*Asks:* 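Below is a structure I'd like to ask you about.
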Protein chains: 2
Amino acid sequence: MEKEIQIYREFLKSKNLKLTKPRLTILKAIFRNHEHFNVDNLYEQIRKKQSNVSRATIYRTIPLLLESGLIKLSLRCDSKDIYEHSYGHENHLHFICTNCGSIKEASFIKVEKLINQLAVDANFKITEYHLSARGLCENCRKSTDQ
Amino acid sequence: MEKEIQIYREFLKSKNLKLTKPRLTILKAIFRNHEHFNVDNLYEQIRKKQSNVSRATIYRTIPLLLESGLIKLSLRCDSKDIYEHSYGHENHLHFICTNCGSIKEASFIKVEKLINQLAVDANFKITEYHLSARGLCENCRKSTDQ
DNA sequence: AGGTTTTTGAGAATGATTCGCAAGTGCATA
DNA sequence: TATGCACTTGCGAATCATTCTCAAAAACCT
Ligand SMILES: [Mn+2]
Ligand SMILES: [Mn+2]
Ligand SMILES: [Zn+2]
Ligand SMILES: [Zn+2]
């Protein structure tokens, strides 16, 4: 957590922005665990555990965290953007169950190489990968025998 | 185009739905060319070329086209869902330029194999792939020399 | 044509996200 | 430590994509 705070502090300083209490509260809430999160999650979690922060401030802070590289947009589910840590996390891809909504992560290494080659061929400079597939998870396959 | 209409007609019949004039207008507008499209595009295109169809009807028709397998959700850009043909189109991945918004498609074959294997390992049954990467396209790399 | 069901269009409603602004904070400086 | 000023915040209003409601229109069946 200290490392993330340090990165955040330096990022903010480089933009002439201040590491205020709400901004720190949000950062800590995000890095308290390793789960994917969305604005509502985060808002509820903060409201439960610590000083309140308005939704507006959360919405204003997320772009800063994105730009700093600490988090990234992971995927979109139920009309909501879902984020995850990017600092300290390998790239990975997501298997999203359309029946129960569960998200399973899978290895990225081999896929990344291939896609990088495709990008080279296309003369495209990748900054962010978004790889996912929708379908049925193990449990839901059993229960719906498909 | 005839083939798509046929598929659409049979799909609708199987659901006890009618192939009405607005539904046909929408289908034809979509398959008139091979571009990615969103609701606004489509609405404007229909408004220009043929009889009017309300936005509400477009929004109601898209889920039918998705379910019939004729189109698929391609990606999300500028807070809008973007669709594309899936009937008659190979799976492919998208390189999206964060600078100019252009979308370049790339081959999917090798990537697909790898991801299928990962899905087998995870006991996950894939029904739809969503593979994209954001970054800088060829042109934008030149002009911003990055 | 008449009766029944489905579909449509228009606008209201919704839900996520963004904005505007007055009040509050953080920080530098005296 | 008090003062000044720029940056932030919280609140509610605004926006924007999408969905819903409902009365009128179209399609289908006889
Ligand atoms: Mn993840
Ligand atoms: Mn495409
Ligand atoms: Zn599931
Ligand atoms: Zn570009």
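Chain naming here is simple, since letters A, B, ... match the order of the sequence lines and numbering starts at 1 in each. Only a predicted model underlies this, so the values are computations on that prediction, with no experimental measurement involved.
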*Asks:* Quick one about A:His36 and A:Glu105 (side-chain donor to acceptor, distance below 3.5 Å, no hydrogens or angles considered), yes or no?
*Replies:* yes
*Asks:* Quick one: B:Tyr59 OH to C:dT8 P, roughly how many Å, whole number?
*Replies:* 16 Å
*Asks:* Nearest to the side chain of B:Thr20 - C:dA10, D:dC11, D:dA27?
*Replies:* D:dA27
*Asks:* Rounding to a whole Å, what distance do you find between A:Asn16:CG and C:dG26:P?
*Replies:* 17 Å
*Asks:* Let me know, please, whether A:Thr61 or B:Pro22 comes out on the 5' side of the other along DNA chain D by nearest nucleotide.
*Replies:* A:Thr61
*Asks:* How many whole angstroms separate atom CG of A:Leu64 from atom P of D:dC7?
*Replies:* 14 Å
*Asks:* Find the distance B:Lys80:NZ to D:dT19:C1' and express it as a whole number of Å.
*Replies:* 17 Å
*Asks:* For A:His85 and A:Glu35, test the side chains for any donor-to-acceptor distance below 3.5 angstrom and give the result as yes or no.
*Replies:* no
*Asks:* If you go through the side-chain atoms of A:Arg60, does one of them form a donor-acceptor pair with the base of D:dG10 closer than 3.5 Å?
*Replies:* yes
*Asks:* Check whether any side-chain N or O of A:Lys18 sits under 4.0 Å from OP1 or OP2 of D:dC7, and answer yes or no.
*Replies:* no
*Asks:* Taking 4.0 Å as the cut-off, does a side-chain nitrogen or oxygen of A:Ser54 come that near to OP1 or OP2 on D:dT9?
*Replies:* no
*Asks:* By nearest heavy atom, map B:Arg76 and B:Leu19 onto DNA chain D; which one lands nearer the 5' end?
*Replies:* B:Arg76
*Asks:* Give a yes/no on whether any side-chain N or O of A:Ser79 is located under 4.0 angstrom from OP1 or OP2 of D:dT18.
*Replies:* no
*Asks:* For the residue pair B:Tyr43 / B:Arg47, report whether a side-chain donor-acceptor contact shorter than 3.5 Å exists.
*Replies:* yes
*Asks:* Can you tell me the distance, in whole Å, between the CG atom of A:Asp78 and the P atom of C:dG15?
*Replies:* 13 Å
*Asks:* Please state how far atom CD1 in A:Ile58 lies from atom C1' in D:dT8, giving the value in whole angstrom units.
*Replies:* 15 Å
*Asks:* Quickly work out the B:Lys13 NZ to C:dT5 C1' distance and round it to whole Å.
*Replies:* 17 Å
*Asks:* Are more than 12 heavy atoms, taken from residues, nucleotides or ligands other than A:Glu90, located less than 6.0 Å from that residue's CD atom?
*Replies:* no
*Asks:* In whole Å, I'd like the distance from the CZ atom of B:Arg23 to the C1' atom of D:dC28.
*Replies:* 13 Å
*Asks:* How about A:Gln6 and A:Glu10: does a side-chain donor come under 3.5 Å of a side-chain acceptor?
*Replies:* yes
